[in-house]
There are 2 protein chains.
Amino acid sequence: MLNFAPKPRRNAAETRERLLMATVQLMLRQGYAATTVDDICREAGLTKGSFFHHFENKEAIGKATIQWWGAFGTALYAEAWKEEGRDPLEQLRHFFGIMIGFTEREDQVCTCIVGMMSQELAQSHPAMREECARQLELWTTNCARMLAAAKAKHAPDADFDPEAVAWYLNSLWQGSMLVGKTEQNSALIRSNLRMALAWVEGLLSIS
Amino acid sequence: MLNFAPKPRRNAAETRERLLMATVQLMLRQGYAATTVDDICREAGLTKGSFFHHFENKEAIGKATIQWWGAFGTALYAEAWKEEGRDPLEQLRHFFGIMIGFTEREDQVCTCIVGMMSQELAQSHPAMREECARQLELWTTNCARMLAAAKAKHAPDADFDPEAVAWYLNSLWQGSMLVGKTEQNSALIRSNLRMALAWVEGLLSIS
DNA sequence: TTTAACATACGAACCGGTTGGTATCTTATT
DNA sequence: AATAAGATACCAACCGGTTCGTATGTTAAA
């Protein structure tokens, strides 16, 4: 049944979302410390009263930002493993394809909020570090699962630890975004990803 | 002959050095934005007047900090290639050994100021980004030189581009420090470095 | 009419940076 | 060698603006 009630001028969930998206955009550019609450309110077209109604403090929206980014990423990557019966090696190739796709978006710098917050806050803000660690672990778990399945199917005797390789790939991915951003060269990131995929395929070919 | 003259109360070079070292320590922990000029002065035991006598502004000491870190790193790595006649593959192994050693320092988190500043400032502070890019390029140039020499000697027909591999290794190294710091796990970094070295050795064995 | 959702106004602490001044070191002149 | 002149090194106090956060409204929805 259609809802003919006029759209409420106030919508708590939507307002919260606007504050959060503004924060994502800003922190993706300037990091945590350089992004002020005033910045966020201006970007969202709201006032401080509204901000502190929805978030207890700056740290709270920081954590929410990390979590939002994690969910955003997981949804993106999930394409790779959603088809259950698929060959895990094909899933891995798709996984790399998604990352390469992420470097090719128009007018969008290839960077990661989790990586940025990690660098900035890991040593000075334990709660934020833990939040980042959780997201990194999620990525690694998903990656390791595909690696383990691919190993079981294609090279059960191969001498590598799927989890260790997953951490390796996570590190390479994070570092590639970091270096690619600094060198303003996204082709560099793709080059790294291709080499890493070739390496993984090599690991899996010793059957 | 001993110098009984009282140590001069003022020593410009030493004062500048104290400010710089204080900045290195602080920014290595909290990054650029979260480190205030007052923090630096307190840590160095000096006042703001002195600070702004030696550095034009905060950005200036930021740049100096990146450069200091670059020189510090280069001095550390130079051990790997200082013996001219040495087998370049051995130099590469030594190079990896130096990085592994860097992860094993007691009570010192394995992190890199250039990587931290890159993440925080690459998109919002062009001058600082360029400074970081220069340091990354220095590392890569040195690494690529060893790779090229090793290739020429051991596997001239191998199908890899030394510079691309050097960027790959730089990315892996930066990403490993990032992830290792966030996961509070320096063994993870060493595991990554060992896998990368084995990969490089593999690249060089197709003679 | 009650309550949730927002706005306005404000405050204490802090930010990078400047000021005016003093102490000390260097150098040219005698 | 003594000293005067000037440059350098450093300090304490201060400045306008900004920070996060709060106290107190006001308005819309239930």
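Proteins come first, then strands; the chains are lettered A, B, ... in the order of their sequence lines, and each starts at number 1. All of these numbers come straight from a predicted model, not from anything done at the bench.
Taking the six-membered ring for Trp and the full ring otherwise, W139(B) and F95(B) have centroids separated by under 6.0 Å. Here Y168(B) and W199(B) bring their ring centres to under 6.0 angstrom of each other.
Close to dA5(C), at under 4.0 Å from its OP1 or OP2, lies no side-chain N or O of T15(A). A close approach under 4.0 Å does not occur between any side-chain nitrogen or oxygen of H53(B) and OP1 or OP2 of dC10(D).
We find that CD of E14(B) is positioned 16 Å from C1' of dT8(D), with the value rounded to whole Å. The distance between atom CD of E56(B) and atom P of dA9(D), rounded to the nearest whole Å, is 16 Å. In this structure, K58(B) places its NZ atom 20 Å from P of dG17(D), rounding to the nearest Å. Atom CZ of F55(A) is separated from atom P of dG21(D) by 13 Å (rounded to the nearest Å). The CD-P distance, from E59(A) to dT19(D), rounds to 19 Å in whole Å. Summarising the geometry, the separation between CG on N11(B) and P on dT24(C) is reported as 15 Å, rounded to the nearest angstrom. Between F52(A) atom CZ and dT22(D) atom P the separation is 7 Å, expressed in whole Å.
Within residues 35-51 of chain B, the residues that place at least one heavy atom under 4.0 Å from DNA chain D are, in residue-number order, L46(B), T47(B), G49(B), S50(B). Scanning residues 117-130 of chain B for heavy-atom distances under 4.0 Å to DNA chain D yields an empty list.
A cation-pi geometry, defined here as NZ or CZ lying under 6.0 Å from the six-membered ring centre and within 45° of its normal, does not hold between R86(A) and W81(A).
A salt bridge links R93(B) with E201(B); the closest basic N to acidic carboxylate O contact falls under 4.0 Å. A salt bridge links E79(A) with K82(A): the distance from a Lys NZ or Arg NE/NH1/NH2 to an Asp or Glu carboxylate oxygen falls below 4.0 Å.
Under a 3.5 Å cut-off, the side chain of K58(B) and the backbone N or O of T35(B) do form a donor-acceptor pair.
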